[in-house]
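Chain letters run A, B, ... following the sequence lines, proteins first, then strands; residues in each count from 1. Reckoned from all heavy atoms, side chains included, excluding hydrogens, waters and symmetry mates.
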Protein chains: 2
Amino acid sequence: MTAGSPQEETLTDRVRSAILDGDFVPNQRLVEADVCEQFGAARAAVRETFKELAGEGLVEILRNKGARVRAISREEAVEITEVRMVLEGLSAAKAAERVTPEQATRLREIVGDMREAVAVNDVDRYSELNAALHAEIRAIAGHRTSAAIIERLGAQVVRHKFRLARQPGRAAVSLPQHELIVAAIVARDPEAAQTAMQQHLRSVTKALEAGPT
Amino acid sequence: MTAGSPQEETLTDRVRSAILDGDFVPNQRLVEADVCEQFGAARAAVRETFKELAGEGLVEILRNKGARVRAISREEAVEITEVRMVLEGLSAAKAAERVTPEQATRLREIVGDMREAVAVNDVDRYSELNAALHAEIRAIAGHRTSAAIIERLGAQVVRHKFRLARQPGRAAVSLPQHELIVAAIVARDPEAAQTAMQQHLRSVTKALEAGPT
DNA sequence: TTCGACAATATTATGAACAATCCGTGCGTG
DNA sequence: CACGCACGGATTGTTCATAATATTGTCGAA
């Protein structure tokens with residue numbers, strides 16, 4: 001995050017990427033021997049990796065039954081999103097306390113781009129900017145604990161997330177909310193920032209619950 | 001949490017307990033061979049346990065330098081508490097949506113006991129009831145994701161926590177806040193519950209930052 | 001045909017041995 | 001006397017072999 005040590009990519013990272021990229025699908029069994037061969041690693045290393053990823057919630061381990069890619073239910077995805085949103089609210093409040101003029105400018109830029117993306121109906125770009133905005137807010141907040149949790153949870157719902165961003169008219173709803181959040185941060189008003197982010201939360205979870213089955 | 005499977009206590013649980021109980025102090029090196037002998041386990045198992053606990057933030061692993069009990073700085077403890085509190089806020093809101101009359105009674109009971117504990121200046125009992133109240137709210141909320149994170153973070157700050165509860169006059173400040181939270185939940189008002197919990201948060205973090213060095 | 005016990009197989013769990021790496025120590029040299 | 005350097009002990013990282021366990025398939029009897 002802060003200092004990117006270029007240190008060699010660990011096995012855990014590679015397996016995690018494989019899961020996130022969809023090379024392993026949810027509920028797929030992860031047989032140690034197979035994964036060993038596939039990544040050219042030893043069993044022990046694979047084993048440790050599974051435990052580590054289990055801690056991150058990406059795989060689940062059943063005693064004497066091995067590991068499998070954890071499938072995340074709709075309800076769980078909603079819960080995760082709820083948690084992420086309150087943490088983003090906290091980040092927004094912190095960001096409002098610490099934002100510098102340069103950072104404020106950057107935030108305004110992103111929102112401007114979002115507005116434009118909505119105007120031309122570019123959902124991909126909007127989704128991208130959405131992520132960028134939230135990441136920027138986290139960075140400004142400088143709150144490592146919440147940032148770490150947010151990112152970990154985000155990894156768990158990659159497979160669910162896309163559905164939301166693509167709901168028709170979704171961007172039109174969330175854009176003004178984002179504008180409000182940024183305005184509050186730029187105005188250095190933590191409470192308003194958090195409140196704005198919270199309303200954003202309610203809107204998002206409502207959309208999720210009303211979404212496709 | 002919900003269904004306690006009596007399944008035998010795993011090595012990870014035992015090591016975690018050891019850390020939480022203070023058998024291993026922060027920054028203490030955890031030499032694999034020693035831990036092996038102490039718990040009568042194989043190195044591979046110990047190794048996996050370390051990775052797992054590292055994921056939980058209780059130990060940190062340095063490449064080729066082994067594991068040690070992670071020491072949590074004051075700033076980090078504050079961050080963790082902030083995160084816990086917003087998550088408790090979320091729980092409070094959810095609890096307000098789902099609370100049953102029986103559960104409402106239980107909450108009122110706890111607050112009543114807290115009031116009494118304050119009256120007789122019993123800080124231990126107050127601290128205990130405080131934990132019970134928050135646990136009850138989490139249970140009512142039925143929000144497993146946030147509950148899991150809250151508990152994990154709680155484990156990380158056990159060594160810091162006690163300081164806060166014992167600040168003189170602390171209970172007198174937090175009691176009315178707790179009363180407000182419970183009132184909002186019982187009234188089935190999610191927004192008020194969350195707001196009340198949030199104010200509780202501000203109060204707590206302020207106390208933490210102003211606390212002893 | 002269907003149910004249950006039993007054996008075969010696949011897979012994980014554990015244990016022991018080996019190799020790579022780090023850290024402190026003592027020696028030698030400028 | 002200070003600095004650098006090589007060496008040795010300690011510890012982790014890796015690999016392979018073995019035991020324990022669960023799953024699956026098969027056979028026989030009701």
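Heavy atoms of Leu30(A) sit under 4.0 angstrom from primed sugar atoms or phosphate atoms, though from no base atom.
You'll find that the side chain of Arg47(A) is closest to dA13(C), out of dG13(D), dA13(C), dT12(C). Distances from the side chain of Ala42(B) to the nucleotides dT14(D), dT12(C), dG15(C) place dG15(C) closest. Here dG13(D) is the nucleotide among dT11(C), dT23(D), dG13(D) with the atom lying nearest to any side-chain atom of Arg43(B). For Arg63(B), counting side-chain heavy atoms from C-beta on, the closest listed nucleotide (dT23(D), dC23(C), dT14(D)) is dT14(D).
For the atom pair CG (Leu30(A)) and CZ (Arg68(A)), the distance works out to 9.5 Å, reported to the nearest 0.5 Å. The line from OG1 of Thr10(A) to CZ of Arg63(B) is 7.5 Å long, rounded to the nearest 0.5 Å. From Ile137(B), atom CD1 reaches atom NE2 of His143(B) across 14.5 Å, with rounding to the nearest 0.5 Å.
If Phe50(A) and Ala44(A) are placed on DNA chain C by their nearest nucleotide, the residue sitting closer to the 5' end is Phe50(A). Projected onto DNA chain D by closest heavy-atom contact, Asn64(A) and Ala45(A) fall at different nucleotides, the more 5' of which corresponds to Ala45(A).
Electrostatic pairing of Glu32(A) and Arg43(A) counts as a salt bridge here, judged by a charged N lying under 4.0 Å from a carboxylate O.
Nearest heavy atoms, Met197(A) versus Ile181(A): SD-CD1, 3.6 Å.
For Lys65(A), a side-chain nitrogen or oxygen approaches OP1 or OP2 of dT23(D) to under 4.0 Å.
We find that CD of Glu48(A) is positioned 13 Å from P of dA13(C), with the value rounded to whole Å. Between the P atom of dT21(D) and the CD atom of Glu32(A) lies a distance of 16 Å, rounded to the nearest Å. Straight-line distance from the CZ atom of Arg29(A) to the P atom of dT24(D): 8 Å, rounded to whole Å. Atom CG of Leu62(B) is separated from atom C1' of dG13(D) by 15 Å (rounded to the nearest Å).
Taking the six-membered ring where tryptophan is involved, the planes of His178(B) and His134(B) are perpendicular, since the angle between them exceeds 60° and thus also 30°.
Defining each end axis of the helix from dT1(C)-dA30(D) to dG30(C)-dC1(D) as the rotation carrying four pairs' C1' atoms onto the next four, with five pairs an end, the two axes are found to diverge by 10° to 10 degrees.
Judged purely by distance below 3.5 Å, without hydrogens or angles, the side chains of Thr100(B) and Gln103(B) pair a donor atom with an acceptor atom.
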